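Per chain, numbering begins at 1; letters A, B, ... match sequence-line order. No experiment lies behind these values; they were computed from the predicted model shown.
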Amino acid sequence: MLSNNEKLLMQIYNSLLGHFGPQEWWPAESKLEIIIGAILTQAVAWRNVEKAINNLKNKNLIDAHKLLDIEEEELALLIKPALYNYQKAKKIKVFMNYLIDNYDGNLDLMFNNSLHKLRNELLSIWGIGEETADSILLYAGNYPIFVVDAYTKRIFYRVSLTSEKISYKEMQQFLQQNLQPSVEVYNEYHALIVSLGAVYCKKKNPLCNSCPIIKNCKFQKGK
DNA sequence: ATCCAGCGGC
DNA sequence: GCCGCGGGAT
């Protein structure tokens, strides 16, 4: 017996999937590239990150040791398109240090950990917050954990499933308690939310008239 | 509550 | 030319 929340969440998921099609996330050729992308995309749209990633690829720098060997200044210049580039260069180096010190640079070893243990470990690293940690866990590690972002909170608030000032943890718990744990669904759902948030459910001037989930949304009704 | 500091859309 | 982004740290 499914609750109303469970039904609504799956209705929204199916509408988004029908409208946008499978998003095939994460767009990357390796797990390390996913992790680098997860750091670079903090507070930045993905299009800003692509150039930065390509700059690293062109120099064969998607490699933990090489990223440690390169000067931080030079790394910062390569990832300039991704914004906050000096901070992010430091974040990348801090993560690569962690990976080499604790797992000999071996990601398969790192992903041998339980979800709970690895999540806490990632959160203890400077530069890795909740969204970045969960992106790494879901998209690189294939752990069943739902990635929450600003779009997620805005969309489910407008749909009227959650409150406006919900915390990251509360939002994540709401979703995971009302969805069957599935790496595939969590992967696709977050990607679809990002598309909806960027194209239709924008902060300002949302395109409600053509929104694919307007029938499930209470936002703007009654105006 | 403020810093970080490039990019495309309007 | 402005403005808001797929956050995180202090």
When you measure from the side chain of K93(A) to the backbone N and O of I70(A), does any donor-acceptor pair fall under 3.5 Å? yes
For L192(A), is there any backbone N or O sitting under 3.5 Å from a side-chain donor or acceptor partner on Q23(A)? no
Please give, in whole Å, the distance from [N] [atom2] to [X] [atom1]?
X: L40(A); N: dG8(C); atom1: CG; atom2: P; value: 13 Å
X: K90(A); N: dA5(B); atom1: NZ; atom2: P; value: 11 Å
X: N48(A); N: dG4(C); atom1: CG; atom2: P; value: 16 Å
X: L77(A); N: dG6(B); atom1: CG; atom2: P; value: 11 Å
X: N85(A); N: dC3(B); atom1: CG; atom2: P; value: 18 Å
X: Q42(A); N: dA5(B); atom1: CD; atom2: P; value: 13 Å
X: N205(A); N: dC3(C); atom1: CG; atom2: C1'; value: 12 Å
X: Y86(A); N: dT10(C); atom1: OH; atom2: C1'; value: 21 Å

How would you label the contact of [X] with the nucleic acid (heavy atoms, under 4.0 Å): base, sugar-phosphate, or nothing?
X: K88(A); result: nothing
X: E131(A); result: sugar-phosphate
X: I125(A); result: sugar-phosphate
X: I128(A); result: sugar-phosphate
X: D149(A); result: sugar-phosphate
X: A82(A); result: nothing
X: S135(A); result: nothing
X: K202(A); result: nothing

[X] side chain, from C-beta outward: closest of [options]:
X: W126(A); options: dG6(B), dG8(C), dA9(C); value: dA9(C)
X: L83(A); options: dG6(B), dG8(C), dG4(C); value: dG6(B)
X: K51(A); options: dG8(C), dG8(B), dC5(C); value: dG8(B)

Starting from the 5' end of DNA chain C, give me the residue, A43(A) or R47(A), whose nearest nucleotide shows up first. R47(A)
Residue whose closest nucleotide on DNA chain C lies nearer the 5' end, G127(A) versus K203(A): K203(A)
Before accepting this row, confirm whether a basic side-chain N of the pair E130(A)/K169(A) lies closer than 4.0 Å to the acidic partner's carboxylate O. no
For N58(A), look at atom CG and say whether over 12 heavy atoms of other residues, nucleotides or ligands are found less than 6.0 Å away. yes
I'd like to know if the side chain of E121(A) pairs up with that of N102(A) as donor and acceptor (distance under 3.5 Å, no hydrogens or angles considered). no
Can you check whether [X] has a side-chain N or O nearer than 4.0 Å to OP1 or OP2 of [N]?
X: T132(A); N: dG8(C); value: yes
X: K80(A); N: dG6(B); value: yes
X: K204(A); N: dC3(C); value: no

Whole-angstrom distance between dG4(C) and dT2(B), as gauged at atom P: 16 Å
Atom P, compared across dG8(C) and dC7(B): separation rounded to whole Å: 22 Å
Residue that, paired with I155(A), satisfies side chain to side chain contact (heavy atoms under 4.5 Å, CB included) out of I12(A), I193(A), L161(A): I193(A)
